[in-house]
**Student:** 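Mind having a look at this structure? Questions to follow.
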Amino acid sequence: MPAGNLDKQIKRHVIGPVQACYAVTPPGTEALCARELADLPEPVQVDAAETGGLSFAARLASLYQANLYVRTAGRFLLRLARFKATNFRQLERQCAEVVWAWYLPQGAVPECKVTAHASRLYHSQAVAQHVTAAIGAYWRAQGIVPLALTAQALYLRLDQDIATLSLDSSGAPLYRRGLKIHGGKAPLRENLAAAILTMAGYTPDLPLLDPMCGAGTFALEAALWAKRIPPGFYREFAFMQWPAFRPKQWQHLKSTAQNEFRRLSRPSIHASDLDAEACRRLEACIVQHHLDDAVEVRPRDFFELKPPLPEPGRAPSGLIVLNPPYGPRLAPEERLGGFYRQIGAKLAADFKGWHVALLVPGPHLIRTQPYPTRAIPLRHGGLSLILLVGRVGH
């Protein structure tokens, strides 16, 4: 197909129209993601929600904005086709009808990730092989040598013999902000950390304490928020390789976002940990990305910590967010109850008036805190967690 004709088709069929899209979210955070989509520079209205995801319609520019700005999503998908598939011949025929040149780099055969439920095609590896074979045949019919490209991914969902084919616009999971080159023990994913901060009522005008910071996920998320830096500003996305991608349009989106960055007069986010080396690595990351006006880091023991002095004329208050070590990271299960009761006693003694967001690894630990809390079930990396949100009474 001549390049000029292909470009016109991409504008007419991909760039111009509103497209069906899907946001993958951590279970329990769907409403937060919907609110963020509605708050985009070009707002997006959610059509339907289910556990772990949202369906919405958007033009590509809004899909790019979603990847750049939304803090709570895991990835964004572009819906390509929906069809019935009860056998491999039918599956390949339907996949062959997609005009892959509109969506993929020339010759690209993406990785295909399959989930199947109550369908006659249930062997995910075999389904993936037939899909990639159909895409390879499409390119060969145009005289183009197919090439496996793992930077692009297709998601095929089979549910009661109905196949939904989607192209991943994000690439690496969105919780990878492009900030951290350091790790920690069982670090919390950034999109879940952003959801927890939102659920706990964090706003950048509140002091924030992250006194068991580990890799510093809460502190870094809050710093981006306080400085008005979009969570996707420092990373790249799969859509940058699409034929429909327009670099000048993307640069305009980023420049517009950068104009909103702000410099802070002093840090209001205080991160600390018993592990001095973890604090050193976090501080290096903060300095490297010019976040030191938002965050200060010091090696400290939580049980010896005192709240920062309030600003003149303001009552002592803020948000303290805690993701204590649990399970194999701490000690045998029988010691967890006592550990969390110690945390509650410390908060009651020294943090009166403060809001608290505390992660616990099971419902048996909900009543360890001596102040009223609201329990919110969450999932993280296959683990069931509970977020306790409350305020320490005076």
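Throughout, numbering of the chain's residues begins at 1 and tracks the sequence.
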**Student:** Parallel, tilted or perpendicular: which fits the ring planes of His289 and Tyr234, with parallel below 30° and perpendicular above 60°?
**Tutor:**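 His289 and Tyr234: perpendicular rings.
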
**Student:** Ala134 and Cys95: which non-hydrogen atoms are nearest, and at how many Å?
**Tutor:**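 For Ala134 versus Cys95, the nearest heavy atoms are CB-CB, 3.8 Å.
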
**Student:** Show, in sequence, the C-alpha distance, side-chain angles and deciding distance for Leu359 and Leu378, and conclude whether the side-chain contact (heavy atoms from CB on, under 4.5 Å) test is met.
**Tutor:** CA-CA 9 Å; Leu359 280 168; Leu378 297 172; 4.3 Å; yes

**Student:** Which label fits Trp242 and Phe239: parallel for a plane angle under 30°, tilted from 30 to 60°, or perpendicular past 60°?
**Tutor:**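 Judged by the thresholds at 30° and 60°, the geometry between Trp242 and Phe239 is perpendicular.
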
**Student:** Tell me if a side-chain donor or acceptor on His270 pairs with a main-chain N or O of Val295 at a distance below 3.5 Å.
**Tutor:**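 Answer holds: no.
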
**Student:** Roughly how far, to the nearest 0.5 Å, is the OG1 atom of Thr164 from the CZ atom of Arg82?
**Tutor:**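 Answer rounded to 0.5 Å: 5.0 Å.
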
**Student:** When you look at CZ of Arg262, are more than 12 heavy atoms from neighbouring residues, nucleotides or ligands closer to it than 6.0 Å?
**Tutor:**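 Enclosed.
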
**Student:** Let me confirm one number: the CG-CE distance from Asn323 to Met212, rounded to the nearest 0.5 Å.
**Tutor:**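 Separation between the atoms: 9.5 Å.
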
**Student:** Can Glu30 and Thr51 be counted as having a side-chain donor-acceptor contact under 3.5 angstrom?
**Tutor:**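 Note: Glu30 and Thr51 side chains miss the donor-acceptor criterion.
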
**Student:** Would Leu147 end up clustered with Val98 when hydrophobic side chains under 4.5 Å apart are linked, directly or stepwise?
**Tutor:**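 Not linked; separate clusters.
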
**Student:** Please check if the number of heavy atoms outside His13 that lie under 6.0 Å from its NE2 is greater than 12.
**Tutor:**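 Yes, NE2 of His13 has more than 12 neighbouring heavy atoms, counting only those of other groups under 6.0 Å.
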
**Student:** Pairing donors with acceptors under 3.5 angstrom, does anything connect the side chains of Ser124 and Lys113?
**Tutor:**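 There is no such pair between these side chains.
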
**Student:** Looking at every non-hydrogen atom in both residues, tell me the closest pair between Leu365 and Thr368 and how far apart they are.
**Tutor:**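 Answer, listing the atom of Leu365 first, then Thr368: O-OG1, 2.7 Å.
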
**Student:** Would you say that Val356 contacts Leu319 through its side chain, given a criterion of any heavy-atom pair below 4.5 Å between the two side chains?
**Tutor:**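 No - every pair of side-chain heavy atoms lies 4.5 Å or more apart.
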
**Student:** Heavy-atom count around Lys254 NZ within 6.0 Å, excluding the residue itself: above 12?
**Tutor:**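 Counting other residues, nucleotides and ligands, NZ of Lys254 exceeds 12 neighbours.
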
**Student:** Main chain of Ala133, side chain of Glu92: is a donor-acceptor contact present, judged purely on distance under 3.5 Å?
**Tutor:**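 Absent.
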
**Student:** Are Gln152 and Glu111 close enough that a side-chain donor and a side-chain acceptor fall under 3.5 Å?
**Tutor:**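 Distance-only check fails for Gln152 and Glu111.
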
**Student:** Within a strict 4.5 Å, meaning less than it, do heavy atoms of the Pro243 and Trp102 side chains meet?
**Tutor:**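 Heavy-atom side-chain distance check fails, nothing below 4.5 Å.
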
**Student:** Does atom CD of Gln45 have more than 12 heavy-atom neighbours, drawn from other residues, nucleotides or ligands, at distances under 6.0 Å?
**Tutor:**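 At most 12 heavy atoms, drawn from other residues, nucleotides or ligands, come within 6.0 Å of this atom.
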
**Student:** Strictly distance-based, threshold 3.5 Å: is any side-chain N or O of Tyr202 a donor or acceptor partner for the main-chain N or O of Val321?
**Tutor:**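 Here the side-chain-to-backbone pair does not exist.
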
**Student:** Which distance, rounded to the nearest 0.5 Å, do you find between the CG of Asn87 and the CZ of Arg93?
**Tutor:**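 That separation rounds to 7.5 Å.
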
**Student:** Any chance you could measure Ile286, atom CD1, to Arg281, atom CZ, to the nearest 0.5 Å?
**Tutor:**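 Taking CD1 in Ile286 and CZ in Arg281, the distance rounds to 13.0 Å.
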
**Student:** So Val46 and Leu37, side-chain contact (heavy atoms from CB on, under 4.5 Å) or not? Walk me through it.
**Tutor:** CA-CA 8 Å; Val46 170; Leu37 288 169; 3.9 Å; yes

**Student:** Would you say CZ of Arg391 has more than 12 non-hydrogen atoms from neighbouring residues, nucleotides or ligands within 6.0 angstrom?
**Tutor:**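 Above 12, so yes.
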
**Student:** Which heavy atom of Leu156 sits nearest to which heavy atom of Ala163, and what is that distance?
**Tutor:**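 Taking every non-hydrogen atom into account, CD1-CB, 3.8 Å.
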
**Student:** How far apart are the closest heavy atoms of Pro26 and Leu192, and which atoms are they?
**Tutor:**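 Looking at all heavy atoms of both residues, the shortest contact is CB-CD1, 4.4 Å.
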
**Student:** Kindly indicate whether the side chain of Leu322, heavy atoms from C-beta on, has any atom under 4.5 Å from the side chain of Leu347.
**Tutor:**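 Yes, their side chains come closer than 4.5 Å.
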
**Student:** Roughly how far, to the nearest 0.5 Å, is CG of Leu388 from CD1 of Ile366?
**Tutor:**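 Between Ile366 CD1 and Leu388 CG, I get 6.0 Å after rounding to 0.5 Å.
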
**Student:** Between Thr198 and Ala194, is there a donor-acceptor pair closer than 3.5 Å when you use the side chain of the first and the backbone of the second?
**Tutor:**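 Flag set: sc Thr198 to bb Ala194 pair under 3.5 Å.
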
**Student:** What do the steps show when you test Glu42 against Arg59 for salt bridge (Lys or Arg N to Asp or Glu O under 4.0 Å), and what is the final call?
**Tutor:** CA-CA 10 Å; Glu42 294 183 27; Arg59 287 190 169 85; over 6 Å; no

**Student:** Is it true that Arg280 and Glu283 have a side-chain N and a carboxylate O under 4.0 angstrom from each other?
**Tutor:**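 The answer is no: the pair does not qualify as a salt bridge.
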
**Student:** Going by distance alone, is a donor N or O of one side chain under 3.5 Å from an acceptor N or O of the other, for Arg379 and Ser384?
**Tutor:**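 Judged by distance alone, the side chains do pair up.
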
**Student:** Enumerate the residue pairs fulfilling salt bridge (Lys or Arg N to Asp or Glu O under 4.0 Å) with a member in residues 226-246, sequence neighbours excluded, ordered by first and then second residue.
**Tutor:**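 The answer is Asp7-Arg246, Lys227-Asp293.
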
**Student:** Got a sec: does the CD of Gln106 have more than 12 other heavy atoms crowding it under 6.0 Å?
**Tutor:**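 For Gln106, atom CD is not crowded (no more than 12 foreign heavy atoms under 6.0 Å).
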
**Student:** Strictly distance-based, threshold 3.5 Å: is any side-chain N or O of Gln369 a donor or acceptor partner for the main-chain N or O of Tyr340?
**Tutor:**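 Here the side-chain-to-backbone pair exists.
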
**Student:** So that I can tick it off, tell me whether Glu304 and Arg300 are bridged by a salt bridge, with the cut-off set at under 4.0 angstrom between side-chain N and carboxylate O.
**Tutor:**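 A salt bridge is absent here (no side-chain N lies under 4.0 Å from a carboxylate O).
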
**Student:** Identify whether Trp139 and Leu149 are in the same connected component of the hydrophobic contact network (ILVMFWY, side-chain heavy atoms under 4.5 Å).
**Tutor:**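 As far as the 4.5 Å side-chain criterion goes, Leu149 and Trp139 are not connected within one cluster.
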
**Student:** Run the numbers on Glu36 and Tyr69 for side-chain contact (heavy atoms from CB on, under 4.5 Å), then give the verdict.
**Tutor:** CA-CA 8 Å; Glu36 289 193 88; Tyr69 283 103; over 6 Å; no

**Student:** Do the side chain of His123 and the main chain of Ala126 share a donor and acceptor less than 3.5 angstrom apart?
**Tutor:**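 The answer is yes, because a donor-acceptor pair under 3.5 Å joins these two groups.
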
**Student:** Quick one: pull up CZ in Arg266 and CD1 in Ile269 and give me the separation to the nearest 0.5 Å.
**Tutor:**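 Interatomic distance, Arg266 CZ to Ile269 CD1, rounded to 0.5 Å: 13.0 Å.
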
**Student:** Is it true that Leu121 and Ile162 fall in one hydrophobic cluster, defined by side-chain heavy atoms closer than 4.5 Å?
**Tutor:**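 Cluster IDs for Leu121 and Ile162 differ.
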
**Student:** Taking all atoms of both residues into account, what is the closest heavy-atom pair of Cys112 and Thr132, and its distance?
**Tutor:**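 Heavy-atom minimum between the residues: CB-CG2, 4.0 Å.
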
**Student:** Under 3.5 Å, which donor-acceptor pairs link side chains of residues 166-179 to any protein atom two or more places apart or in another chain?
**Tutor:**
unit_1, atom_1, unit_2, atom_2, d
Ser166, OG, Arg79, NH1, 2.7
Asp168, OD1, Arg75, NH1, 3.2
Asp168, OD1, Ser170, N, 2.9
Asp168, OD2, Arg75, NH1, 2.6
Asp168, OD2, Gly171, N, 3.1
Ser169, OG, Asn67, ND2, 3.1
Ser169, OG, Phe76, O, 2.7
Ser170, OG, Asn67, OD1, 2.7
Ser170, OG, Phe76, N, 3.0
Arg177, NE, Glu221, OE2, 2.9
Arg177, NH1, Leu174, O, 2.9
Arg177, NH2, Arg71, O, 2.8
Arg177, NH2, Glu221, OE1, 3.0

**Student:** Quick one: do Leu154 and Phe83 end up in the same hydrophobic cluster if we chain Ile, Leu, Val, Met, Phe, Trp and Tyr together by side-chain heavy atoms under 4.5 Å apart?
**Tutor:**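 Looking at the clustering, Phe83 is in the same group as Leu154.
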
**Student:** Under the side-chain contact (heavy atoms from CB on, under 4.5 Å) criterion, do Tyr122 and His117 qualify, and how do the steps go?
**Tutor:** CA-CA 7 Å; Tyr122 60 87; His117 170 71; over 6 Å; no

**Student:** Any chance CZ of Phe303 has more than 12 other-residue heavy atoms, nucleotides or ligands included, within less than 6.0 Å?
**Tutor:**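 Yes, enclosed.
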
**Student:** Looking at every heavy atom in both Phe56 and Leu63, which two are closest together, and how far apart are they?
**Tutor:**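 For Phe56 versus Leu63, the nearest heavy atoms are CZ-CD1, 4.3 Å.
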
**Student:** Given the rule that I, L, V, M, F, W and Y join up when any side-chain heavy atoms are under 4.5 Å apart, are Leu274 and Leu358 in one cluster?
**Tutor:**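 No, no single cluster joins them.
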
**Student:** So, Asp350 and Lys346, do they make that salt bridge, N to O below 4.0 Å?
**Tutor:**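 Salt bridge flag = yes for Lys346 with Asp350.
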
**Student:** With no hydrogens and no angle check, is any side-chain donor or acceptor of Thr25 less than 3.5 Å from a backbone partner on Ala73?
**Tutor:**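 Pair absent, no side-chain N/O of Thr25 close to backbone of Ala73.
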
**Student:** Using side-chain heavy atoms (C-beta onward) and a distance below 4.5 Å, is Val297 in contact with Asp273?
**Tutor:**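 The answer is no; the side chains never approach within 4.5 Å.
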
**Student:** Share the residues that join Tyr22 in a hydrophobic cluster, the rule being Ile, Leu, Val, Met, Phe, Trp or Tyr side chains under 4.5 Å apart at the heavy-atom level.
**Tutor:**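 For the cluster that includes Tyr22, the remaining residues are Val24, Leu77, Tyr155.
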
